[in-house]
Amino acid sequence: MGFMSILLVVWGVLLACLLGLLFYNATLTRYEEDQLFLSEANDSEKKQQDEIVAKLRRTQPLVRIFGSLSGLLTLAIAGLYTWDAWQHLR
């Protein structure tokens, strides 16, 4: 396996993790309400909404990390591909 193949495999794994986290967050927020009117009778709904927000806050740093790493690796792969093409054109 060449260097570029290894980078593409690592990029694919990072992208798969990012997409998995985004899918997980989408399934969590499917049940989240946009607006919530609370009274004493709605304590269970408030608790459910708080649990959803807590889960999202736990995954948000991972989404940022995987998104940043996959973006940087995308730029690196594009740069290496361009540099390699430039070297072959000389």
Side-chain angles (χ1 to χ4, degrees):
M1 266 171 81
F3 183 68
M4 190 64 95
S5 299
I6 293 171
L7 282 177
L8 287 173
V9 168
V10 171
W11 176 77
V13 169
L14 286 174
L15 192 62
C17 290
L18 175 64
L19 291 176
L21 282 169
L22 291 175
F23 179 73
Y24 175 71
N25 283 349
T27 59
L28 284 177
T29 57
R30 179 175 46 180
Y31 299 113
E32 188 175 12
E33 300 292 331
D34 289 337
Q35 192 173 26
L36 189 61
F37 298 101
L38 298 176
S39 67
E40 296 298 322
N42 296 344
D43 283 340
S44 64
E45 290 179 20
K46 181 183 184 306
K47 184 179 177 185
Q48 288 174 348
Q49 294 298 315
D50 290 341
E51 289 173 3
I52 291 171
V53 169
K55 287 179 184 178
L56 287 173
R57 285 187 180 150
R58 273 184 282 169
T59 60
Q60 194 170 18
L62 292 173
V63 169
R64 288 182 181 153
I65 289 170
F66 282 114
S68 299
L69 288 176
S70 65
L72 288 173
L73 202 53
T74 300
L75 291 175
I77 289 170
L80 286 172
Y81 181 77
T82 304
W83 180 77
D84 187 47
W86 181 258
Q87 295 299 320
H88 281 67
L89 288 176
R90 284 179 148 188

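Summarising the geometry, atom OG belonging to Ser70 is positioned 10.0 Å from atom CG belonging to Leu75; distances are rounded to the nearest 0.5 Å. Rounding to the nearest 0.5 angstrom, the gap separating the CG atom in Leu80 from the CD atom in Gln87 is 11.5 Å. The structure places CG of Asn25 at 3.5 Å from OG1 of Thr59, a figure rounded to the nearest 0.5 Å. Atoms CG and CD1, from Asp84 and Ile77 in turn, are 13.0 Å apart once rounded to the nearest 0.5 Å. Distance check, rounded to the nearest 0.5 Å: OH of Tyr81 to CG of Leu8 gives 11.0 Å. The distance from the CG atom of Leu28 to the CD atom of Glu51 is 11.0 Å, given to the nearest 0.5 Å.
In terms of hydrophobic clustering, with Ile, Leu, Val, Met, Phe, Trp and Tyr side chains grouped at heavy-atom distances under 4.5 Å, Ile65 and Trp11 are assigned to a common cluster. Leu7 and Val10 fall within a single hydrophobic cluster, where Ile, Leu, Val, Met, Phe, Trp and Tyr side chains are chained together by heavy-atom contacts under 4.5 Å. There is a path of hydrophobic side-chain contacts, each under 4.5 Å, that joins Leu22 to Leu73.
Two residues are said to be in side-chain contact when any heavy atoms from C-beta on lie closer than 4.5 Å; Leu19 and Phe23 fail this criterion.
Each of Leu18, Leu14, Thr74 was checked for a side chain to side chain contact (heavy atoms under 4.5 Å, CB included) with Leu69, and the lone residue meeting it is Leu14.
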